[in-house]
J.: 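I am attaching a structure below and will ask some questions about it afterwards.
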Amino acid sequence: MELKMEKNYDHFKVEEGKFDFWNESGYFKANPSSSNKGFSMIIPPPNVTGVLHIGHALDATLHDIIGRYKKLSGYDVCFVPGTDHAGIATQARVEKNLREKGISRYDLGREKFLEETYKWTYQSQKTIHEQWKALAIGMDYSREFFTMNEQTNKAVLKVFKQLYDEGLIYKGRRIINWDVTLQTALSDIEVEHEDIPGIFYYFKYRLVDDKDKYFVVATTRPETMFGDVCLVYNPKDERFASLEGKYAINPANGEKLPFIADYYVDKDFGTGLMKCTPAHDPNDFAIAKRHNLEMPICMNLDGTMNELAGEYKGLDRFICRDKLVERIKENGDLVKEEKIVHSVGHSSRSHTIVEPTLSDQWYVKMEPLAKKVLELEKGEQRIKYFPSRFEKVFLNWLKDTQDWCISRQLWWGHRIPVYTNKKTGEVVCSIEQLPESEWEQDNDVLDTWFSSGLSPLVLTNWPNLEDPYFKKYFPLDVMITGYDIIFFWVARMAFDSAHFTGKLPFKNVFIHGLVRDELGRKMSKSLGNGVDPLKVIDEFGVDSLRYALATSTTPGLDMSFGTSNIKEAHVFLNKVWNASRFVLMYFPENYQPKDVSELKLSFIEEYLYSHLNETIKNVTKNMEKYEVGQAGQYLYSFIYDIYCSNYIEQAKIDLNGNDENRKEVVLSVLYDVLKKVLIMLFPFSPCISEEIYSFLPMHKKSLYEESYPLPVKKSLKKSELGEELVNIVKYIRQFKAENKISPSSKINLFVKGEEKEINLLKPYLIKLGNIDKFNITSSEDESFRFFSEFGVKCEKEEVAVSPEVIKKRIEELEGELNRSKKMLSNPNFLAKAPKEKIEQEKQKFAKYQAEYDKYTKK
RNA sequence: GGGCGUUUAGCUCAGCUGGGAGAGCAUCUGCUUGACGUGCAGAAGGUCAUAGGUUCGAUCCCUAUAGCGCCCACCA
């Protein structure tokens with residue numbers, strides 16, 4: 001056969017056109033009417049904020065590996081792409097762009113701003129598409145969804161309306177997490193608590209009746225003192241019992257503050273006396289509610305002080321804090337400042353310190369929704385987590401989660417479908433847009449996760465329960481995602497699906513870790529340690545990137561990732577390329593390989609196939625557990641060690657020999673195993689596999705048309721002869737290395753044992769060991785090294801086998817024999833260990849003893 | 001304050017159901033062996049964090065301790 005494969009593995013050429021070829025051939029498409037069993041997945045929709053990073057690449061690659069594997073295993077794979085409008089993040093991004101042009105969103109107005117945002121979104125989606133394509137992700141692009149497309153909008157409206165009607169969505173006035181930079185409310189899980197240094201200020205609160213008498217109250221947030229309404233103590237605290245009905249002076253503004261008793265206060269914390277700011281602290285809010293107190297707000301939404309702060313009005317909250325402390329100090333009412341480290345909430349989006357603020361927001365009542373999931377989790381269709389520990393994380397969160405604040409003071413998102421009648425004040429929730437002349441729609445939009453939580457439903461065409469997609473692909477077979485969005489996304493999908501379909505949205509959840517740099521640090525823009533997938537693809541190729549990502553990950557754990565992983569993968573793929581090229585070179589023109597099962601295999605093929613069988617078993621087993629890294633490792637060592645280093649090297653001898661029958665067998669075997677290897681490699685590194693496959697004789701249109709290899713049925717016993725061949729060759733090479741004999745220089749070899757078998761080994765030993773004179777002997781010489789039935793001795797002029805080598809081996813054996821003897825003479829072991837283990841140990845002992853006897857018996 | 005993960009070779013990490021510790025990189029020694037120098041062959045390198053326990057047997061299971069990391073939580 002004319003060799004068309006180029007000498008060097010050029011990833012550009014290999015990748016060119018592959019994605020389009022698969023895509024246009026329809027391999028990525030789901031087919032609900034096919035009789036093949038369905039297998040469905042959804043990619044966690046990336047935000048339309050910008051470009052994909054290495055974490056997305058990992059996520060997409062893991063999905064695609066499973067998808068291609070399932071497809072080759074005969075499933076009708078439904079793998080759907082999607083993007084997320086990412087309300088806060090995208091709006092912030094577009095606003096930043098506008099700011100660079102010197103305009104704000106208010107200059108544009110809501111409608112124009114949304115137009116701008118859509119433009120940005122389309123651009124961003126285009127980029128994401130290009131990246132998916134570059135990553136060779138085989139998704140059904142004809143079914144792509146977006147969290148703000150028409151279908152999702154419809155679902156969002158239906159879901160909102162139903163939850164509203166059921167009383168599970170309500171409007172409430174309470175303390176929320178306010179992001180002063182982005183000026184919107186956040187849900188609890190969008191707040192990240194961080195331990196930062198702060199100051200605990202101790203102030204004197206003087207009694208109104210007696211200005212010389214004072215009580216000390218400590219606070220970390222003096223600026224909120226303008227919103228204080230009382231001082232609180234524990235009713236059991238005798239120190240303050242006499243204060244009932246009395247008043248203290250607020251050192252910030254001179255206002256009168258009543259003393260109030262409430263069990264919330266911890267007698268032993270601080271001074272035992274606490275100031276209460278109902279509008280800026282959730283606990284204080286609860287106290288105020290119990291005691292029916294006022295709830296004055298002392299800050300503006302942008303984090304500056306309002307008129308309650310008097311002279312500080314308009315100042316930033318933290319500047320106000322410093323100035324206020326300064327003034328109180330001047331007044332002599334600052335007792336002390338104590339440096340502390342405390343946990344402070346930051347916005348996960350803008351990273352500014354969150355301001356707890358009293359506000360009207362929309363909430364989803366969580367308890368009944370979570371309860372339904374927890375019930376289903378007890379039943380048959382329980383979600384299986386890989387690794388299983390994440391199930392607990394998921395369930396614990398559901399068990400005590402608070403109501404979900406879903407309204408955001410943004411423009412980019414699904415607008416809340418609640419309208420107020422301008423005349424009557426009537427409030428209705430409506431799926432249909434109501435006329436503006438009569439009705440005013442709520443200004444807020446929904447949290448992004450409200451819509452993305454519906455994705456398993458949306459992409460299967462829910463609520464049409466008769467839709468073939470819904471019937472075949474819901475629930476999804478697997479959800480693959482990072483542990484960082486279990487609460488944000490996985491949990492929300494779970495309760496949405498549970499509530500609206502009575503089913504959990506997926507059967508399995510596979511959790512992976514985060515990609516970190518080679519030093520284990522988080523990748524971040526500020527550190528500049530991120531890995532850009534496109535750059536890697538450019539330099540090493542997508543196959544290397546994918547292989548490296550897949551084999552560096554362990555379920556649930558973070559991974560260190562850098563150039564060395566990718567280089568390693570690239571070297572491996574180059575090896576595959578060249579091994580294939582070698583094999584192909586030997587195929588004659590129009591070569592038609594024979595069915596291996598009809599050929600007479602020799603011991604080297606038995607050795608090869610017994611390993612292939614093991615490999616197929618191990619790879620399959622691990623793929624089923626989403627242990628793709630482990631599966632990749634098994635594949636790697638088979639290809640590298642067994643196929644390349646052993647079999648190809650052995651095969652060369654037959655290929656260059658005169659036995660035409662052997663040539664026939666070897667070529668067919670090389671072909672058969674290479675094909676199976678390519679199929680198994682395909683999910684990991686699809687382009688190179690497909691490219692090499694296209695050069696194979698009798699290839700089909702694509703690897704997609706092949707089926708995943710099964711272990712060969714014919715039971716192949718592990719060939720001892722094949723094993724010993726490898727061991728003896730290794731021994732010969734060791735002998736040369738230790739004796740400083742160059743590998744190419746010829747030596748004499750003496751072998752004793754069964755002549756028939758020795759003759760089988762002979763040609764391979766001569767070539768692989770570079771043997772000059774091959775002697776079959778029955779010498780009782782002491783310098784033989786034994787390999788089961790064979791004794792082997794190397795000799796090169798004066799340099800014979802040093803007795804040390806044999807001595808060392810004898811020592812090794814003695815050690816083993818001792819260990820074995822100890823076990824076998826332990827009555828407890830014999831009585832309690834399983835029979836097979838005992839049998840195994842006996843066999844080992846016999847084997848070692850036999851070899852030992854050969855050295856010592858004269 | 002709760003919960004979880006992790007600790008294995010110089011580095012990054014695998015290690016299945018408990019039954020002789022593995023890979024890649026790095027290091028050292030050789031090699032123009034006709035697929036591959038992006039290579040080949042060989043070598044060296046480990047008290048599996050520590051202390052107990054369970055077991056015939058522990059890197060693996062249990063308990064405690066320590067280091068590193070993460071998540072959750074309203075203590076001002």
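Keep in mind that this is a model prediction, so the values were computed, not measured. Throughout, protein chains are lettered first and strands after them, A, B, ... in sequence-line order, and every chain is numbered starting at 1.
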J.: Starting the side chain at C-beta, find the nucleotide from B:A76, B:G39, B:U12 nearest to A:Thr219.
T.: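 Of B:A76, B:G39, B:U12, B:A76 is nearest to the side chain of A:Thr219.
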
J.: May I ask you to say what A:Gln630 touches in the nucleic acid, namely base, sugar-phosphate or nothing, with a heavy-atom cut-off under 4.0 Å?
T.: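 Since only primed, P, OP1 and OP2 atoms lie under 4.0 Å of A:Gln630, the category is sugar-phosphate.
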
J.: Establish, with yes or no, whether the OP1 or OP2 oxygen of B:C13 is under 4.0 angstrom from a side-chain nitrogen or oxygen of A:Ser560.
T.: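 Affirmative; the distance criterion is met.
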
J.: Using 30° and 60° as the class boundaries, would you call the ring planes of A:Tyr233 and A:Phe259 parallel, tilted or perpendicular?
T.: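 A:Tyr233 vs A:Phe259 ring planes: tilted.
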
J.: From C-beta outward on A:Gln840, which listed nucleotide comes closest to its side chain: B:G5, B:G19, B:C75?
T.: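 That would be B:G19.
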
J.: Just call it for A:Lys567: base, sugar-phosphate, or nothing, with non-hydrogen atoms closer than 4.0 Å on any strand.
T.: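 Counting heavy atoms under 4.0 Å across all strands, no contact is made by A:Lys567.
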
J.: Using ring centroids (six-membered ring only for Trp), state whether A:Tyr626 and A:Phe386 fall under 6.0 Å.
T.: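 Yes, the ring of A:Phe386 comes within the 6.0 Å limit of the ring of A:Tyr626, centre to centre.
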
J.: Just checking A:Arg819: base, sugar-phosphate only, or nothing, at a heavy-atom cut-off of under 4.0 Å?
T.: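 Since a base atom lies under 4.0 Å of A:Arg819, the category is base.
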
J.: Side chain of A:Lys392: nearest nucleotide among B:C4, B:G34, B:U38?
T.: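 Of the candidates, B:C4 comes closest.
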
J.: Could you work out which one of B:G30, B:A35, B:A14 sits closest to the side chain of A:Pro743?
T.: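 Per side-chain heavy atoms of A:Pro743, the pick is B:G30.
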
J.: Looking at A:Ser645, I'd like to know whether one of its side-chain N or O atoms comes within less than 4.0 Å of OP1 or OP2 on B:A41.
T.: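 Yes, because at least one side-chain N or O of A:Ser645 sits under 4.0 Å from OP1 or OP2 of B:A41.
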
J.: Which word best sums up how the rings of A:Phe572 and A:Tyr636 line up, parallel for under 30°, tilted for 30 to 60°, or perpendicular for over 60°?
T.: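 Rings of A:Phe572 and A:Tyr636: tilted, as their planes differ by 30° to 60°.
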
J.: Just say parallel, tilted or perpendicular for the rings of A:Tyr483 and A:Phe390, cut-offs at 30° and 60°.
T.: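 If you compare the ring of A:Tyr483 with that of A:Phe390, the planes turn out parallel.
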
J.: Given B:A73, B:A76, B:G19, which nucleotide is nearest the side-chain atoms of A:Ala833?
T.: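 Of all the options, the side chain of A:Ala833 is nearest to B:G19.
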
J.: When you measure from the side chain of A:Lys730, which nucleotide among B:A43, B:C72, B:G34 comes out closest?
T.: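 The closest nucleotide is B:A43.
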
J.: By nearest nucleotide on RNA chain B, pick out whichever of A:Ser742 and A:Asp558 is the more 5' one.
T.: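 Counting from the 5' end, the first nearest nucleotide belongs to A:Asp558.
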
J.: Quick one: which of B:G42, B:C75, B:A14 gets closest to the side chain of A:Tyr264?
T.: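 Selected nucleotide (nearest to the side chain): B:C75.
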
J.: Between B:A14 and B:G46, how many Å separate the two C1' atoms, rounded to a whole number?
T.: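 Looking at atom C1' only, B:A14 and B:G46 are 15 Å apart.
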
J.: What orientation do A:Tyr9 and A:His11 show, parallel under 30°, tilted 30 to 60°, or perpendicular over 60°?
T.: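 Answer is perpendicular, since the angle exceeds 60°.
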
J.: Of the candidate nucleotides B:C56, B:C75, B:C36, which contains the atom at the shortest distance from the side chain of A:Lys7?
T.: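 Given the options B:C56, B:C75, B:C36, the side chain of A:Lys7 is closest to B:C36.
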
J.: What contact category does A:Ser580 fall into here, base, sugar-phosphate, or nothing, at under 4.0 angstrom with non-hydrogen atoms?
T.: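 Nothing: the residue A:Ser580, judged by heavy atoms under 4.0 Å, touches no strand.
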
J.: Check whether any side-chain nitrogen or oxygen of A:Tyr385 sits under 4.0 Å from OP1 or OP2 of B:C4, and answer yes or no.
T.: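 It does not, given that no N or O in the side chain of A:Tyr385 lies less than 4.0 Å from OP1 or OP2 of B:C4.
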
J.: Checking all strands, does A:Ser552 fall into the base, sugar-phosphate, or nothing category for heavy-atom contacts under 4.0 angstrom?
T.: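 Nothing, no heavy atom under 4.0 Å.
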
J.: With no hydrogens and no angle check, do the side chains of A:Tyr764 and A:Asp654 hold a donor and an acceptor under 3.5 Å apart?
T.: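 On atom types as modelled, these side chains qualify, holding a pair under 3.5 Å.
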
J.: Return whichever of A:Thr220 or A:Arg389 has its heavy-atom-nearest nucleotide of RNA chain B closer to the 5' end.
T.: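 Mapping each residue to its closest nucleotide by heavy atoms, the 5'-most match is A:Arg389.
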
J.: Using Watson-Crick and G-U wobble pairs with both distances under 3.5 Å, what is the 5'-to-3' dot-bracket string of RNA chain B, with [ ] for crossing pairs and | for pairs outside the strand?
T.: (((((((..((((.....[..)))).(((((.......))))).....(((((..]....))))))))))))....

J.: Considering only side-chain heavy atoms of A:Lys575, which listed nucleotide, B:U38, B:C56, B:C36, is closest?
T.: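 In terms of side-chain proximity for A:Lys575, the closest of B:U38, B:C56, B:C36 is B:C36.
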
J.: Name the closest nucleotide to the A:Tyr640 side chain, picking from B:C40, B:G34, B:A35.
T.: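 Nearest nucleotide to the side chain: B:C40.
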
J.: Considering every strand and a 4.0 Å limit on heavy-atom distances, what is the contact class for A:Asn656: base, sugar-phosphate, or nothing?
T.: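 If one applies the 4.0 Å heavy-atom cut-off, A:Asn656 turns out to touch a base.
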
J.: Report the residues that fulfil side chain to side chain contact (heavy atoms under 4.5 Å, CB included) with A:Asn646, sequence neighbours left out, ordered by chain and then residue number.
T.: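 For A:Asn646 the side chain to side chain contact (heavy atoms under 4.5 Å, CB included) partners, ignoring immediate neighbours, are A:Tyr607, A:Ile642, A:Gln650, A:Val726.
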
J.: Hey, does the side-chain of A:Glu649 have a donor or acceptor N/O within less than 3.5 Å of a partner on the base of B:A35?
T.: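 Yes.
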
J.: Would you kindly check whether a donor in the side chain of A:Lys621 faces an acceptor in the base of B:C16, or vice versa, at under 3.5 angstrom?
T.: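 Counting by modelled atom types and ignoring angles, a donor-acceptor contact under 3.5 Å is found here.
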
J.: Is the Lys NZ or Arg CZ of A:Arg785 less than 6.0 Å from the centre of A:Tyr731's six-membered ring, within 45° of the axis?
T.: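 Geometry flag: set, cation within 6.0 Å and 45°.
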
